[in-house]
Amino acid sequence: MAQKPSIPKGTRDFSPNEMARRNYIFDTVKRVFQLYGFQQIETPAMENLSTLMGKYGEEGDKLLFKILNSGDYLSAVNSEELTASNSSKLTTKISEKGLRYDLTVPFARYVVQNQNDIVFPFRRYQIQPVWRADRPQKGRYREFYQCDVDIIGSDSLLNEVELIQIVDHVYRFLGLKVVIKINNRKILAGIAEAIGEAERIVDITVAIDKLDKIGIDKVNEELIHKGVTHEAILKLQPILHLNGSNTEKINQIERVISMSSTGLQGIKEVRTIFNYLSGINLESEIELDLTLARGLNYYTGAIFEVKSKDVEIGSITGGGRYDDLTGIFGLSGVSGVGISFGADRIYDVMSQLDIFPKDAMASSKVMFVNFGEKEECYCLPLLSCLRQAGISSEIYPDSDKMKKQMVYANRKGIKFVVLAGESEIEKGMVNLKNMETGEQQLISVTELVIALKV
RNA sequence: GUGGAUGUAGCUCAGCUGGUUAGAGCGCUGGAUUGUGGUUCCAGAGGUCGUGGGUUCAAGCCCCAUCUUCCACCCCA
């Protein structure tokens, strides 16, 4: 007996119903991106490992899917290296390509390669799958789609504001209540500086990022464990206890980190952004969250994270400013800012809340019942007519029992059924049945198009 | 990568301290209704219990391995 086929861990098939709903998300995201003047690009599923490695921190490198070289991939390896069982060293010999881990780094690579043809500031969007060799769990897949929007080649904080508006716009269209959390890496750097641990910024931010999840005691524990001095941790406490409105928080933190010029720069940026936002009507809640860190280490300024207010699933959108991502590829002095919508998580949230529009399931609006060859010939021109009029329609391909055909139409959610048998043909009419109400009316062929056009 | 759960019919799940022929609901197929679905009634099909080993007179149940899914950690969309 053949073994049951399966797909790799953390990957999924999408049924027609799921695709209809996924496309609903992609379409709205796309519509908003275009509304804000962004242009679409695509990049290959695989990149050279040299492009990918070292861009996502230590953890990121581990999560890269690597592609075995084609052909005799062992030919470049000598027996010594083979028996050394040093997998990371061997990897570089037998694999030189990897699946993309996000869309931002390939985008930076694209910008550098095409810098002469790009009109800056470049507003691009990109909707493609990415792959991470993570262990799957709720809302975490090994293959998932990101919908990225980035503006590259401009320092203006107006771009941050644009992205926030896009986020608000998308979630308003999708009908999701979200909170947009904002922070700034420069403020985090300022904090590290202020407590005399500038070197440990990564450890510190990673630890305080967990504040609302594990509590202040555990955070302090972790900091001690990471080797942060007791004195520094003491200095950090007031920062962890910040509360109040966004402006109150800014004012408080400003006092704490006033000796750090980087920190003050971050404060200034955040203030500017909030100032812009004050004049704009947003539906989403905007929260300055000084514990927001985000793992990707190429962020240098603003960082964003969006969480659903109704479903606990981690962030559904995230991003930030990166001042020199293209520098690694040989084009320095180009700053960009972008965000990424996690389509799969948005899907999970919307499924759980059951807020997909009912008609997201695309199928024919009309089905012609098949009564036999003669009747088929009568129906075919009518079918073309409907399609010309933009009404999606189909004819049942076999003259099966009527019950079977009706069940088919019913299960596919087809709203109307056209019955054109011997008696209808004689009169030059058709019977149009509404599958929801069960009503049926005998109408002429011209009336058919009008009745369905609505 | 670390730790913990899970897998029984197409789906959701029962299945006692190991003991004959493994059950239910929904779905599916056929019929009541040969030109009318979604409601009702009747009948029927469908499982080598994730996979591979082991213990036992006897394994869905116990042990080991492996895979899947899920949960926590790490990290992240």
Side-chain angles (χ1 to χ4, degrees), chain A residues 1 3-12 25 29 56-64 87 101-104 127-148 167 202 205-207 209-210 213-214 218 222 292-297 299 303-308 312-320 338-349 367 369-372 375 396 399-425 430-440 442:
Chain A
M1 196 166 75
Q3 259 217 318
K4 258 191 190 167
S6 62
I7 54 175
K9 185 199 288 221
T11 64
R12 296 147 303 151
I25 295 173
V29 165
Y56 309 106
E58 230 178 283
E59 200 65 30
D61 284 355
K62 283 190 215 154
L63 298 180
L64 282 170
S87 46
Y101 178 92
D102 73 353
L103 300 178
T104 309
I127 299 174
Q128 289 189 274
V130 303
W131 294 269
R132 295 184 188 176
D134 218 345
R135 185 176 283 207
Q137 45 174 284
K138 188 106 199 149
R140 178 177 298 194
Y141 308 100
R142 284 184 152 182
E143 177 184 61
F144 61 97
Y145 273 73
Q146 292 194 325
C147 314
D148 271 38
V167 170
V202 174
T205 52
V206 167
D209 184 46
K210 296 174 191 160
K213 207 170 175 184
I214 62 177
K218 288 269 169 81
E222 182 165 334
L292 175 63
R294 298 194 57 76
L296 296 181
N297 57 9
Y299 291 126
I303 41 185
F304 311 106
E305 188 162 292
V306 180
K307 298 198 87 173
S308 161
E312 184 51 51
I313 196 173
S315 66
I316 51 178
T317 293
I339 46 166
S340 178
F341 289 81
D344 303 78
R345 284 192 180 171
I346 294 171
Y347 179 94
D348 289 344
V349 170
M367 186 197 83
V369 171
N370 190 322
F371 287 106
E375 291 85 348
Y396 195 86
S399 62
D400 285 336
K401 277 192 199 161
M402 190 146 173
K403 175 167 175 157
K404 191 168 178 188
Q405 300 192 39
M406 294 300 278
V407 168
Y408 170 87
N410 194 50
R411 288 199 55 184
K412 279 193 77 179
I414 294 172
K415 283 198 182 114
F416 296 94
V417 160
V418 170
L419 300 147
E422 213 174 325
S423 61
E424 286 88 353
I425 295 175
V430 297
N431 254 311
L432 179 64
K433 180 177 172 114
N434 182 323
M435 292 296 279
E436 276 158 12
T437 62
E439 280 167 31
Q440 193 168 312
L442 190 66

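Per chain, numbering begins at 1; letters A, B, ... match sequence-line order.
As rounded to the nearest Å, B:rC76 and B:rC11 have P atoms that lie 36 Å from one another. For the C1' atoms, the distance linking B:rG38 with B:rU33 amounts to 15 Å, nearest Å. Comparing the P positions of B:rC62 and B:rA72 gives an interatomic distance of 26 Å, to the nearest angstrom. Taking atom P in both B:rC61 and B:rU40, one finds a spacing of 38 Å when rounded to whole Å. Annotation: B:rG50 and B:rA9 have their P atoms spaced 8 Å apart (nearest Å). Straight-line distance between the P atoms of B:rC57 and B:rG18: roughly 16 Å, to the nearest whole Å. Spacing between B:rA5 and B:rA77 at atom C1', rounded to whole Å, works out to 25 Å. B:rU56 sits 23 Å from B:rU66 when the C1' atoms are compared, rounded to a whole Å.
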Restricting both atoms to N or O, compile the protein contacts to nucleotides 71-74 of chain B shorter than 3.5 Å, with distance only.
{"unit_1": "B:rC71", "atom_1": "OP2", "unit_2": "A:K138", "atom_2": "N", "d": "2.1"}
{"unit_1": "B:rA72", "atom_1": "OP2", "unit_2": "A:Q137", "atom_2": "OE1", "d": "3.2"}
{"unit_1": "B:rC74", "atom_1": "OP1", "unit_2": "A:K210", "atom_2": "NZ", "d": "3.1"}
{"unit_1": "B:rC74", "atom_1": "N4", "unit_2": "A:R140", "atom_2": "NH1", "d": "2.9"}
{"unit_1": "B:rC74", "atom_1": "N4", "unit_2": "A:R140", "atom_2": "NH2", "d": "3.2"}

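Among A:I316, A:V130, A:D148, the single residue meeting the side chain to side chain contact (heavy atoms under 4.5 Å, CB included) criterion with A:S340 is A:D148.
What separates CD1 of A:I339 from C1' of B:rA77 is a distance of 12 Å, to the nearest Å. The CG atom of A:L64 sits 17 Å away from the P atom of B:rC75 (whole-angstrom rounding). The NZ-C1' distance, from A:K9 to B:rG50, rounds to 14 Å in whole Å.
Of all the residues in residues 141-148 of chain A, A:Y141, A:F144, A:Q146 reach under 4.0 Å from RNA chain B with at least one non-hydrogen atom.
Looking at heavy atoms from C-beta onward, A:Y101 lies in side-chain contact with A:R132 at the 4.5 angstrom threshold. Side chains of A:D348 and A:Y141 form a contact here, defined as non-hydrogen atoms less than 4.5 Å apart. Inter-residue side-chain proximity for A:M402 and A:L419 is flagged as met; some heavy-atom pair is nearer than 4.5 Å. A heavy-atom distance below 4.5 Å is found between the side chains of A:E222 and A:K210. Contact annotation: the side chain of A:M435 never approaches that of A:I414 to less than 4.5 Å [non-hydrogen atoms, C-beta and beyond].
No donor-acceptor pair closer than 3.5 Å links the side chain of A:E143 to the backbone N or O of A:P129. A:R142 contributes no side-chain N or O that, together with a main-chain N or O of A:R135, makes up a donor-acceptor pair within less than 3.5 Å.
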Base, backbone or nothing for each nucleotide of nucleotides 31-38 of chain B, written B, S, -, heavy atoms under 4.0 angstrom, 5' to 3'? S---BBBB
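A:E422 CD: 12 or fewer foreign heavy atoms inside a 6.0 Å radius.
Between A:S315 and A:E305 the shortest heavy-atom distance is CB-CG, 3.2 Å.
Within 4.0 Å (heavy atoms only), A:G10 reaches sugar-phosphate atoms of the nucleic acid but no base atom.
Both A:T11 and A:R345 sit near RNA chain B, but only A:T11 has its closest nucleotide nearer the 5' end.
Consecutive Watson-Crick or G-U pairs involving RNA chain B, each under 3.5 Å on both distances, make up stems of three or more pairs at B:1-5 with B:69-73, B:10-13 with B:23-26, B:28-32 with B:40-44, B:50-54 with B:62-66.
Take A:R12 and apply the salt bridge (charged side-chain N to carboxylate O under 4.0 Å, His left out) test, not counting sequence neighbours, and it matches A:D344. Under the salt bridge (charged side-chain N to carboxylate O under 4.0 Å, His left out) criterion, A:D61 pairs with no residue at all, not counting sequence neighbours.
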Worked check of side chain to side chain contact (heavy atoms under 4.5 Å, CB included) between A:T317 and A:F341: CA-CA 4 Å; A:T317 293; A:F341 289 81; 3.2 Å; yes
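Donor-acceptor pairing under 3.5 Å is lacking for the side chains of A:K404 and A:Y408.
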